Each structure stands twice: as C-alpha cells, then as structure tokens.
Amino acid sequence: MVPEYNPSKIEKTAQEKWLKEGRFKSKPDNRQKYYCLSMFPYPSGKLHMGHVRNYTIGDVISRYKRMNNFNVFQPMGWDAFGLPAENAAIANKVSPKDWTNQNIEHMKKQLISLGLGYDWSKELRTCEPQYYKWEQLIFKKFYEKGLVYKKKSIVNWDPVDETVLANEQVIDGKGWRSGAKVELKEIDQWFIKITDYADELLSSLDEVDWPENVKTMQKNWIGKSHGAEIKYQIADTSKYLTVFSTRPDTIYGVSFIAISPNHEIALDLAEKDSQVKNFLNKCNETSSAEAYMTKAEKLGIDTGMKAIHPITKKNIPVWIGNFVLLDYGTGVVMGVPGHDQRDFEFASKYNLDITQVISLGSDDALPITNKGTLVNSDIYNDLSSDDASLKIISQLKSDELGEGLVQFRLRDWGVSRQRYWGCPIPVIYENGEAKLVEEKDLPVTLPDLPEKSAPIPLSQNKDFYNVSEEIKRETDTFDTFMDSSWYYARFTAADNESEIFDENTKYWLPVDLYIGGIEHAILHLLYSRFFHKALRDMGMVDGNEPFKKLLTQGMVLKDGAKMSKSKGNTVDPQSYIDKYGADTVRLYMMFTAPPEQSLEWSESSVEGASRFIKKVWNLVIDKKYISIDMPNKFSKEEMDLRRKTHSTLKKVTSDFESRFSFNTAIASIMELLNAIPEDFKKSDAADSKKFCLNESITIILKTLNPIAPHISEFLWDHFHQESSLDSIESSWPEVQENLLEVSEFELVIQINGKVRGKVLADIDFDQDKIEEIAKKVENVSSNLEGKDIKKSIYIKGKIINFVV
RNA sequence: GGGGAUGUGGUGGAACUGGUAGACACGCUUGGCUUAGAACCAAGUGCCGCAAGGCGUGGGGGUUCGACUCCCUCCAUCCCUACCA
C-alpha cells in the first residue's frame with residue numbers, strides 16, 4: 001500500500017526540524033556571501049498574496065544559492081509603525097502596540113508554515129525602542145552634519161476632526177471619517193536635505209544592477225533639468241518675481257506670469273482683496289496630493305499687477321494659478337501658451353495672448369512643445385532652441401535679470417508626522433529653541449496609551465512633552481519611511497544591543513539581491529539609497545549603494561485590480577496553505593507568472609500545481625535508491641530519457657541563474673516527469689532503465705527543492721533511506737554536456753516565409769545538401785513547381801526559406 | 001496632468017539573440033475505470049472551413065527573405081505621483 005501524500009504532516013515535521021537544527025542561521029565564513037533580502041511586511045494582520053509571492057521568490061533564490069555553496073543570509077522583520085494600527089485602535093479599542101504585536105505573532109507563524117528559511121535570530125521590529133533608539137541616533141547625526149532643518153509645509157487638514165490627514169484618507173477632497181471638506185494648512189515640520197545628494201543619487205544609478213524601468217523612474221523623479229532663473233520686475237515697485245524655466249528659448253512667447261496660491265505675494269494680496277481671498281480659499285479646498293491637484297480644473301485670477309518682461313520690457317499680467325506648486329522651483333512660472341500644454345489651456349480659458357515663437361518648419365499647430373527654430377523673437381530668430389537658450393541666458397545675465405541654473409524636481413524629505421504610532425523625533429525645545437536629545441538620553445520612548453484608549457497624539461500628552469517649565473519635547477513622530485530606510489543594514493547586527501552596526505555589517509553588506517513590489521520603485525528605494533550614502537559619509541557603512549541587484553515583482557491582481565482590502569477583492573492565502581500545503585502554494589506562485597509581471601489570481605490553476613506535486617510523490621514514494629554501475633550501452637529510449645534529464649537540468653539552471661524565470665523552469669521539470677516511460681518505473685525493470693530513472697528522480701527532486709522544499713527533502717531522504725547519500729541541499733547537480741549533443745534535427749522548410757514542410761536532416765549538412773533534401777519534400781516540391789527560386793536562406797540547424 | 005509598465009487561444013502563460021506562434025498548465029470534449037460521483041488514466045482542443053486551404057500575437061502603418069520580437073502611430077488596462085505601506 002502506497003502511503004498517501006499528507007502535506008500538513010510532512011511540512012510541519014520539516015519546519016520543526018529546520019528550526020531545531022538552526023539550518024538558516026548564518027554567520028560569516030570563508031564561502032562567498034549572499035545577502036538575500038525581501039522587503040519586510042507591514043504587520044497588517046495576516047499575510048496576503050503579495051507577501052506570499054514576494055517571500056517565495058526570495059526563498060527559492062536563497063535555497064538555490066545555498067545549494068550552490070553560497071553563505072546565504074536571509075533575515076525577516078516587521079515594518080511595525082504606521083497608520084493602520086491607529087485605525088484599528090479606534091475601531092476595536094485595542095492599543096496599537098498590542099494589535100501590532102499580535103499581528104506579528106500570527107504572521108510569523110504563517111511565514112514559518114510556508115517553509116521560508118529565515119534567520120530568525122536577527123528578527124527586528126521597528127516599533128521597539130532597541131530598534132528606533134538607533135534611528136533617533138542617526139537623525140541626531142544627520143542634524144549635526146547639517147542635513148536636518150525645519151520649515152513650514154502644507155498638509156491636508158480636516159477642520160472637523162482637527163487632524164492632519166494622509167493623502168489616502170482624503171477621498172474626493174473630503175476627510176474619510178468626518179466627510180468635511182479638506183483644507184490645505186501650513187505647519188512647521190522637520191525636513192531632511194535629500195537634495196544635497198540629488199546629483200549622486202542620479203549618477204550612482206549606473207553602479208547598480210537594477211531593472212532599467214526602475215532606474216528611469218528614479219531618474220525622472222530626481223528630475224535634473226537645465227534651465228534659467230529669470231527675474232521679472234513688478235511694475236511700479238522695486239520687487240521682482242523670480243521664475244524658473246527649462247525653456248528660456250520661449251521667452252518672447254511669455255504672455256502671463258502665474259504664481260502659486262500659497263506664494264507670499266498671493267497671501268499678502270488676499271489681505272487687501274476679498275476676491276483674491278475667496279479665490280485662495282477655493283484653491284485650498286483640495287488635497288495636497290499631486291495627482292489630485294493636477295487633475296483638478298485649472299483656475300486662475302488676475303491680480304491686476306503687471307510684471308515687466310526682462311527683454312521686451314512690455315507689461316505682462318500676473319495671475320494666481322492653482323496649478324503652480326509652491327514647493328517646486330520658485331513657486332512662480334512664466335506662461336508660454338504657444339509652447340506648453342498647460343499654459344495653452346489656461347490662456348485659452350482666460351483669453352490671454354497666444355504667440356508662436358518656435359517653429360518646426362511644417363504643421364505649426366499650437367501648442368508646439370518640442371524644441372525647434374525661433375520665430376517672432378527679434379534678434380534670436382532662426383536660431384535653434386538650444387543655441388537661443390544659451391544666448392538668451394547670457395543676455396539676461398549681463399542685464400542682471402537672470403542666470404543659467406540646474407534645477408532638480410526632487411524636493412527635501414519632510415519627515416514630521418502628527419501621529420501617535422511612530423518613532424518620536426528626539427528633539428527638545430528649551431525656551432522654544434530646538435535641541436537634539438543627548439545620545440545618553442536615547443531612546444526617547446513612545447509612551448503607552450491608557451487601557452482601551454483611542455490614539456492620543458503626543459501633542460495632547462502633557463506627561464510626555466512637559467519635561468519642565470522651560471523644556472518641552474517635540475511631539476511629532478517620524479514618517480515610517482524613516483524606519484524602513486535603514487533596516488537592511490540593521491539586520492546584520494539586529495541582536496547587538498551595544499552597537500548599531502558591527503563587523504557582521506561589513507561582511508554582509510551590501511544586499512546582494514533585494515526583492516519587493518514594483519510599487520516601491522521610487523520612494524522607499526530612493527530614501528534607502530539616500531540613507532546609505534549619508535551613513536557612508538559618517539563612516540558607518542561601506543560602499544555607495546545598499547542594494548546591488550533588484551528584483552521587482554509585479555502585483556498580485558484579482559479581476560484586473562490590485563488585491564486590497566478597500567477593493568474587497570482579497571484572497572486569503574491561508575486557506576490554500578491549509579487545503580493544499582505550502583509546497584503547492586509556493587509552486588503555484590512560481591509557476592503562474594514570471595516574477596516581474598503582475599499575477600492574475602486564478603482559483604483553478606492551484607489544482608494543477610497540486611496535481612503535479614502528487615505525481616512526483618507517486619513516482620518516488622514506492623521506490624528506494626539502489627546503487628547501479630553505469631551500463632556500457634544504452635538503448636535509444638534510455639538515451640532519450642538521459643538527454644531529456646540533462647537538458648532539463650541545463651534549462652532549469654539557466655532559468656534560475658540568468659533570469660529568475662521560475663515558471664519556465666517548472667514547466668520543463670513537468671516535461672521531464674511526463675517524459676519518463678511507464679516501463680522504466682516498474683519494480684522489475686532492467687538495471688539500465690533503473691539507472692536512468694535514478695538519474696531522472698535525482699534531477700527532479702534536486703531542481704524542485706528550492707521551490708517545494710518540504711516534499712523534495714522528504715522524498716529525497718525516503719529514497720536514500722538505505723543508502724548513504726548527502727542531503728538534498730548539499731549540492732546542485734552538474735549538467736553532462738556530452739549527453740546533449742544531437743546529430744539530427746527537424747528542418748523547417750518555408751516558401752516566402754510560410755511553413756510548407758518539415759524533414760529530419762543531419763546537423764552537418766551544408767546548404768546545398770539541405771536545399772536538395774528540402775526540395776524533395778512532397779508539399780514543398782508541389783508548391784515550388786513552375787516557380788523560380790530567387791534566393792534561399794538557410795539558418796543552420798533550424799530553417800530554410802525559399803524566396804520565389 | 002506627469003512618470004513607468006502591460007496587451008498572445010475560453011483562462012494563466014511560452015517563444016531567451018528577428019527564424020516552426022500557442023511549450024507547460026487550467027478549463028472544456030470524448031473514451032476508460034466506477035453502482036454513482038470524486039480522484040486517476042488515455043485521446044483531442046487557436047479561429048473559420050466538410051475539405052483543400054485561409055486567417056491569426058490590442059488597432060492601423062512601416063522595415064525585412066522572414067516580425068509576438070525592431071520603428072512610427074492610435075487605443076485599452078494597471079502601478080507610482082512625495083502623509084497607505
């Protein structure tokens with residue numbers, strides 16, 4: 001009687017064994033190191049499909065590397081501060097801390113039940129003082145290095161709840177809980193000068209092995225542009241409006257100046273003019289999210305002020321425009337409706353002049369946003385855009401009305417949050433003057449909440465902020481991106497309580513492979529890269545970049561949309577683990593789509609993965625390995641199987657090694673399994689057949705081990721029970737190249753690019769011989785009859801094409 | 001609005017370097033096994049057509065002996081857009 005496949009039993013046994021023997025604990029040794037990191041999760045309650053996919057990819061690669069004799073470090077931790085814990089606290093009257101820790105305990109069990117090989121001795125939680133103590137220290141060092149400052153900045157303000165809202169909490173311009181119209185409000189906040197590193201963040205992208213699309217997104221985000229700062233004098237005053245423009249060549253086409261509603265001048269004007277005031281109020285009824293602002297209808301109001309064009313000296317109107325961002329450039333733009341889409345729409349709406357100053361030579365329908373040749377530009381006519389820009393900048397410079405300038409789109413990083421569940425910013429105010437908390441007084445610990453209390457912001461917690469009559473604490477907490485910007489480095493010394501980093505940090509960094517969702521392609525990765533560079537400059541880590549190679553996995557979709565609670569289209573992985581076992585879920589995840597692509601969840605495909613696992617089980621479970629000497633001769637059938645076995649191994653190895661293409665690797669293992677003839681599996685099969693079968697079983701189990709580690713290790717041990725072979729993960733098998741050579745191939749015969757026939761041909765035949773046998777093929781000869789062959793193209797070992 | 005992707009059978013996907021489009025799987029159809037079902041096994045399955053044959057990789061155009069692959073253009077969907085993580 002063949003024992004039935006019982007995944008829950010063999011998986012649990014294997015997982016307990018791995019934990020007990022500490023199989024995934026890593027320490028430096030003389031092998032080549034491989035630090036494989038998957039983005040740590042926010043502990044939202046239970047694992048979702050995106051986590052399962054992400055962590056399976058990381059584990060498959062880690063196990064593969066381990067079989068290839070790498071010293072692998074694969075840690076896991078928790079991005080434990082954040083908004084959802086506060087929401088849960090309000091909804092369920094549990095403290096954010098308890099809620100978070102309970103979630104972590106549950107999710108950790110789930111990770112273990114998926115068979116993920118983490119070094120749990122380095123686990124970390126960002127909400128614990130032993131983690132954020134070091135974050136506060138880093139902030140202090142940033143401050144001492146001049147990378148930290150305070151300035152006013154705009155937030156979403158809910159006037160009913162009297163709280164700051166995240167962009168996510170603003171729905172259609174209204175607060176999600178109160179439903180009140182959200183207002184923009186300026187408050188004092190801490191900023192980190194990431195822009196000091198803008199140039200290096202851009203240039204050192206060349207040093208990393210990252211997907212081109214991610215590099216492009218980062219480049220565009222940083223947005224280095226060459227342009228000019230141009231000063232427009234305000235008529236009848238001695239004041240100037242300074243604009244930044246990337247297109248000084250279009251300066252003769254300026255027909256208005258637009259300033260941000262939050263610009264000083266606009267605010268001053270509102271004091272005197274009620275119409276302007278009303279307009280500004282209207283502009284402030286919006287979300288601060290860029291996507292929201294720029295999609296909103298373009299609105300403007302004429303201030304009545306005039307600005308003097310720096311070259312033509314004509315008066316041009318000054319408007320306030322809701323599309324002008326205060327934080328980008330100078331908060332003032334010059335409107336060139338002929339050559340900018342947005343300005344064109346604005347000018348059309350408010351009947352402002354539209355002048356063409358750039359020509360492409362033909363089809364001059366405005367707006368023309370490309371560069372071209374100047375027209376209507378006085379002495380600059382007929383120059384190219386680039387030449388004209390240089391000359392115009394030099395004229396402005398000699399008139400002291402402007403200069404050439406490099407501008408970045410990247411803005412400094414606002415790290416203040418007015419929330420409870422975050423890392424306290426380690427600052428005290430002594431008689432109003434900000435000072436960083438002394439190192440010996442760190443950490444500044446987040447106070448616990450009273451039993452069953454809703455989150456109380458630190459600004460309402462007198463015991464916390466009131467140190468003495470003169471000394472008050474900062475009550476903002478850090479953006480949670482701070483927490484996740486350096487955890488990759490802390491993992492290497494996570495159990496070291498006396499130092500932030502140690503000699504292990506030097507050994508393990510940089511991360512050799514970082515795996516995570518494509519949605520983090522810009523912000524998280526940019527902040528981490530900045531942190532690494534700043535830490536490097538303080539002598540705390542080595543190297544310029546934290547993540548050598550990056551693998552961005554696609555989203556897990558259901559019905560074409562990202563799985564999310566808010567959309568109500570989530571699928572709980574746990575039920576599938578319970579029903580089919582972790583190996584099946586892992587196999588399904590790897591088989592259904594290549595890692596970079598989005599994965600559309602399909603209920604029924606899981607069945608297929610399960611079926612394959614059972615087939616492997618049924619193949620091996622009733623057999624025991626018997627040592628057989630290699631036979632002198634093999635039959636054709638035996639040779640075919642050996643060739644298939646080794647070509648599969650070659651395919652799987654290259655799929656793992658060069659392109660992380662697990663779906664095709666699995667497909668070829670399935671092919672191999674299907675290719676084993678029935679009579680090879682019989683207990684009374686000839687020794688030569690058993691030899692070939694041994695070889696196939698070995699390759700199937702070994703190549704499957706990174707993907708489905710429980711069943712393959714179980715079957716391996718079971719198969720070798722009576723022999724004394726090494727453990728399954730001791731090595732990755734080697735391809736026997738000599739078995740792959742073939743003397744014959746199937747020649748495809750085309751006429752004018754259409755397939756007309758196929759015939760077996762010798763690989764060594766020359767083109768004449770190939771043509772000769774190709775013309776003899778029935779369907780080919782009939783199709784060639786009465787036609788002139790103009791040309792024939794032969795691609796060796798593949799195809800011949802007759803052009804008639 | 002800006003930036004980045006994706007688009008191939010009924011479905012997920014394969015075709016890696018311009019060389020047989022649809023590997024591998026799901027689903028479906030037929031048959032076997034079974035009292036019946038599940039499971040399992042075997043065969044078939046891009047579309048139109050009785051067939052010969054023709055058509056076919058989001059739409060349109062181009063380069064090439066040959067295009068899913070390269071170029072131009074249009075369309076649709078998804079992700080990010082600085083306070084979700």
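Each chain gets a letter, A, B and so on, in the order the sequences are listed, and its residues count up from 1. Keep in mind that this is a model prediction, so the values were computed, not measured.
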Enquirer: A:Phe656 and A:Phe662: aromatic ring centres closer than 6.0 Å?
Expert: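 Yes - the distance between ring centres of A:Phe656 and A:Phe662 falls below the 6.0 Å cut-off.
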Enquirer: Picking from B:C83, B:C84, B:G4, which would you name as closest to the side chain of A:Asn213?
Expert: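 Nearest to the side chain of A:Asn213 among the choices is B:G4.
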Enquirer: Go ahead and name the base partner of B:C70; Watson-Crick or wobble counts if both distances stay under 3.5 Å, otherwise write none.
Expert: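 With both distances under 3.5 Å, B:C70 matches B:G62.
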Enquirer: Among the candidates B:A85, B:G3, B:G53, find the nucleotide nearest to the side-chain atoms of A:His520.
Expert: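 In terms of side-chain proximity for A:His520, the closest of B:A85, B:G3, B:G53 is B:A85.
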Enquirer: Dump the intermediate steps for salt bridge (Lys or Arg N to Asp or Glu O under 4.0 Å) on A:Lys349 and A:Glu297, then the final yes or no.
Expert: CA-CA 11 Å; A:Lys349 180 167 180 174; A:Glu297 193 192 355; 2.6 Å; yes
Enquirer: Below 4.0 angstrom, N of the basic side chain to O of the carboxylate: do A:Asp479 and A:Arg417 qualify?
Expert: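 Looking at A:Asp479 and A:Arg417, the cut-off is met.
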Enquirer: Any strand is fair game: report the nucleotide pairing with B:A15 by Watson-Crick or G-U wobble, both distances under 3.5 Å, or none.
Expert: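 Pairing partner, where one exists within any strand: none, as none qualifies.
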Enquirer: Distance between the P atoms of B:U20 and B:U57, in whole angstroms?
Expert: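 Here B:U20 and B:U57 have their P atoms 15 Å from each other.
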Enquirer: Expressed in angstrom and rounded to an integer, what is the separation of A:Ile222 atom CD1 from B:G4 atom C1'?
Expert: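 A:Ile222 atom CD1 is separated from B:G4 atom C1' by 15 Å.
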Enquirer: What interatomic distance, in whole Å, is found between P of B:U11 and the corresponding atom of B:G46?
Expert: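 To the nearest whole Å, 14 Å.
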Enquirer: In terms of the angle between their ring planes, are A:His524 and A:Tyr514 parallel, tilted or perpendicular, with boundaries placed at 30° and 60°?
Expert: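 Answer is tilted, since the angle falls between 30° and 60°.
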Enquirer: Of all the choices, B:C79, B:G4, B:A85, which nucleotide is nearest to the side chain of A:Met555 once you look at every atom?
Expert: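 Of all the options, the side chain of A:Met555 is nearest to B:C79.
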Enquirer: Which nucleotide wins on minimum distance to the side chain of A:Pro594, given the candidates B:G3, B:A14, B:C80?
Expert: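 It is B:A14.
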Enquirer: Expressed in whole Å, how much space separates the P atoms belonging to B:C26 and B:G18?
Expert: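 Between the two P atoms, the distance is 32 Å.
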Enquirer: Atom CG of A:Asp79 and atom C1' of B:A85: how far apart are they, to the nearest Å?
Expert: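 Interatomic distance, CG of A:Asp79 to C1' of B:A85: 7 Å.
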Enquirer: Syn or anti: how is B:G62 classified when any glycosidic angle within 90° of 0 counts as syn?
Expert: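 Anti conformation for B:G62.
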Enquirer: Quickly work out the A:Met293 CE to B:C83 P distance and round it to whole Å.
Expert: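 Result: 13 Å.
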Enquirer: Can you tell me, in whole Å, how much space there is between the P of B:U6 and that of B:U17?
Expert: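 It works out to 14 Å between them.
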Enquirer: Between A:Asn779 and A:Leu83, who's closer to the 5' end of RNA chain B by nearest nucleotide?
Expert: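 The residue closer to the strand's 5' end, by nearest nucleotide, is A:Asn779.
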Enquirer: Going 5' to 3' through nucleotides 15-28 of chain B, assign each nucleotide B (protein heavy atom under 4.0 Å from a base atom), S (under 4.0 Å only from sugar-phosphate atoms) or - (no protein heavy atom that close).
Expert: SB--BBS-BBSSS-
Enquirer: Which whole-number value in Å describes the distance from A:Lys790 NZ to B:G66 C1'?
Expert: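 Going from NZ in A:Lys790 over to C1' in B:G66 covers 15 Å.
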Enquirer: Identify whether NZ of Lys or CZ of Arg in A:Lys298 sits under 6.0 Å from the centre of the six-membered ring of A:Phe346 and within 45° of that ring's axis.
Expert: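 A:Lys298 over A:Phe346 ring: no.
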Enquirer: For atom C1', what is the distance between B:A15 and B:U34, given to the nearest Å?
Expert: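 Rounded to whole Å, the distance is 41 Å.
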Enquirer: Looking at A:Lys754, does any N or O in its side chain come under 4.0 Å of the phosphate oxygens OP1/OP2 on B:G56?
Expert: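 Indeed not, no polar side-chain atom of A:Lys754 lies that close.
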Enquirer: Indicate, with a heavy-atom threshold strictly under 4.0 Å, whether A:Phe481 touches base, sugar-phosphate, or nothing.
Expert: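 The residue A:Phe481 makes base contact.
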Enquirer: Can you tell me which residue among A:Met49, A:Glu600, A:Gln597, A:Glu519 is in a side chain to side chain contact (heavy atoms under 4.5 Å, CB included) with A:Met555?
Expert: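 Between A:Met555 and the candidates, side chain to side chain contact (heavy atoms under 4.5 Å, CB included) is satisfied uniquely by A:Glu519.
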Enquirer: Parallel under 30°, tilted from 30 to 60°, perpendicular over 60°: which one fits the rings of A:Tyr588 and A:Trp601?
Expert: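 Because their plane-to-plane angle is over 60°, the rings of A:Tyr588 and A:Trp601 count as perpendicular.
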Enquirer: Ignoring backbone atoms, establish whether A:Asn167 has a side-chain N or O less than 4.0 Å from OP1 or OP2 of B:A82.
Expert: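 For B:A82, OP1 or OP2 has a side-chain N or O of A:Asn167 closer than 4.0 Å.
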Enquirer: Closer to the 5' end of RNA chain B via nearest nucleotide, is it A:Ile154 or A:Val214?
Expert: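 The residue closer to the strand's 5' end, by nearest nucleotide, is A:Val214.
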Enquirer: Under 4.0 Å between any heavy atoms, over every strand shown, what does A:Ala291 touch: base, sugar-phosphate, or nothing? Just pick one.
Expert: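 Base, at least one base atom sits under 4.0 Å.
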Enquirer: Relative to each other, are the rings of A:Phe481 and A:Tyr527 parallel, tilted or perpendicular (30° and 60° limits)?
Expert: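 Correct class here is tilted.
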Enquirer: Using the C1' atom as the point on both nucleotides, what is the distance between B:G10 and B:G3, in whole Å?
Expert: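 So the two C1' atoms sit 36 Å from each other.
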Enquirer: Checking base pairs now: Watson-Crick or wobble, both atom distances under 3.5 Å. What partners B:G31?
Expert: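 Base partner found: B:C41.
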Enquirer: Which part of the nucleic acid, if any, lies within contact of A:Thr480, taking any heavy atom under 4.0 Å across all strands shown: a base, the sugar-phosphate backbone alone, or nothing?
Expert: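 If one applies the 4.0 Å heavy-atom cut-off, A:Thr480 turns out to touch the sugar-phosphate alone, with no base involved.
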Enquirer: Which base sits across from B:G10 as a Watson-Crick or G-U pair, both distances under 3.5 Å?
Expert: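 Partner of B:G10: B:C26.
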Enquirer: State whether the distance check finds a donor on one side and an acceptor on the other, under 3.5 Å, for side chain A:Thr592 versus base B:G12.
Expert: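 Result: no qualifying N/O pair found.
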Enquirer: Write down the distance separating the C1' atoms in B:C68 and B:G59, rounded off to the nearest Å.
Expert: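 So the two C1' atoms sit 15 Å from each other.
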Enquirer: Under 4.0 angstrom, heavy atoms only, what part of the nucleic acid is A:Trp221 near: base, sugar-phosphate, or nothing?
Expert: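 Base, at least one base atom sits under 4.0 Å.
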Enquirer: Are A:Lys681 and A:Glu678 close enough, and set up right, to give a salt bridge (Lys or Arg N to Asp or Glu O under 4.0 Å), and what steps lead you there?
Expert: CA-CA 6 Å; A:Lys681 301 176 191 168; A:Glu678 277 311 307; 3.1 Å; yes
Enquirer: Under 30°, 30 to 60°, or over 60°: which ring-plane class applies to A:Tyr487 and A:Phe40, parallel, tilted or perpendicular?
Expert: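 Correct class here is parallel.
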Enquirer: Rounded to the Å, how far apart are A:Gln597 CD and B:C79 P?
Expert: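 Result: 16 Å.
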Enquirer: For the pair made of CD in A:Glu297 and P in B:G1, what is the distance, rounded to whole Å?
Expert: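 Rounding to the nearest Å, CD of A:Glu297 and P of B:G1 are 13 Å apart.
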Enquirer: According to the interplanar angle, ranging from 0 to 90°, do the rings of A:Tyr197 and A:Phe530 count as parallel (below 30°), tilted (30 to 60°) or perpendicular (above 60°)?
Expert: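 If you compare the ring of A:Tyr197 with that of A:Phe530, the planes turn out perpendicular.
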Enquirer: Check this for me: does the side-chain of A:Glu290 come within 3.5 Å of the base of B:G1 through a donor and an acceptor?
Expert: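 Such a pair is found, so the answer is yes.
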Enquirer: Could you tell me whether A:Leu410 contacts a base, only the sugar-phosphate backbone, or nothing, with contacts defined as non-hydrogen atoms closer than 4.0 Å?
Expert: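 Base, at least one base heavy atom under 4.0 Å.
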Enquirer: Would you indicate what A:Val170 reaches in the nucleic acid, counting non-hydrogen atoms under 4.0 angstrom: base, sugar-phosphate, or nothing?
Expert: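 A:Val170: no heavy atom of the nucleic acid under 4.0 Å.
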Enquirer: Can you tell me how far C1' in B:G9 sits from the matching atom in B:G27, rounded to whole Å?
Expert: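 Approximately 12 Å lies between the C1' atom of B:G9 and that of B:G27.
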Enquirer: Contact class for A:Pro41 (heavy atom, under 4.0 Å): base, sugar-phosphate, or nothing?
Expert: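 No contact.
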Enquirer: What is the distance from CD of A:Gln218 to P of B:C79, rounded to the nearest Å?
Expert: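 Between P of B:C79 and CD of A:Gln218: 20 Å.
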Enquirer: Could you tell me the separation between the CG atom of A:Asn156 and the P atom of B:C83, rounded to a whole number of Å?
Expert: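 Rounded to the whole Å, the gap is 10 Å.
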Enquirer: B:C84 base to A:Gln169 side chain: any donor-acceptor pair below 3.5 Å?
Expert: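 Under the 3.5 Å cut-off, the side chain and the base do not form any donor-acceptor pair.
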Enquirer: Does a side-chain N or O of A:Asn220 approach OP1 or OP2 of B:G4 to a distance below 4.0 Å, or not?
Expert: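 Checking A:Asn220 against B:G4: at least one side-chain N or O falls below 4.0 Å of OP1 or OP2.
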